[in-house]
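Atoms within a ligand are numbered from 1 in the order they appear, just like the ligands themselves.
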Amino acid sequence: MNDAMPVVEMIKTLSYDHDRLREVGARIIGAIECCNVEVACGDLLEFQLIQDSHFWFQDRLMEAAAYPGMEDHVRCHKRLHTILIAINGVLCSGRYSALTTDLAAFIEQSLAHIKEMDHPFHDFLIEEKSG
Ligand SMILES: [Fe+2]
């Protein structure tokens, strides 16, 4: 475990990222609904920056804590990262119109990951500290 950072601070940092991902994700969905693809593209870059650093930090924490669910969790991070890179590739090529459904589905999956995989990891960290 990372002794330099108390568990409560780790969870605060992870939760702060989650709040930002929800906020930027909602902006992306709103932009898609308004057919404002250029705004969605800009917000998606912000989403990617947050997500990349968040995944990196969480992967290190899971490794340090010897988290039993790490393998599946890291696999999910890699899958979400791969999807986002593919979406960005399409956006960079200017083929916006075919993309909005994929982009909305990605945001939905990424936010579901927080509830389904990140929250159980937070519970594990808390239990490990109190145990
Ligand atoms: Fe995660």
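- For the pair His81 and Phe55, the tightest heavy-atom approach, listed with the atom from each and the gap, is N-CE1, 4.5 Å.
- Between His18 and His122, the ring planes lie parallel to each other; the angle is under 30°, not in the 30° to 60° tilted range.
- Contact detail for Ile32 and Ala104: the closest heavy-atom pair is CD1-N, 3.9 Å.
- For the pair Ile28 and Ala40, the tightest heavy-atom approach, listed with the atom from each and the gap, is CG1-O, 4.2 Å.
- Within a 6.0 Å sphere centred on CD of Glu108, other residues, nucleotides and ligands contribute 12 heavy atoms or fewer.
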Check residues 6-14 and write down every donor-acceptor pair under 3.5 Å in which the side-chain atom is one partner and the other belongs to a residue at least two apart or another chain.
unit_1: Glu9; atom_1: OE2; unit_2: Lys12; atom_2: NZ; d: 3.4
unit_1: Thr13; atom_1: OG1; unit_2: Glu9; atom_2: O; d: 2.9

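- Shown here are the protein N/O/S atoms lying under 2.8 Å from the Fe ion (ligand 1), water excluded: Gln58 OE1, His73 NE2, His77 NE2, His113 NE2, Asp118 OD1.
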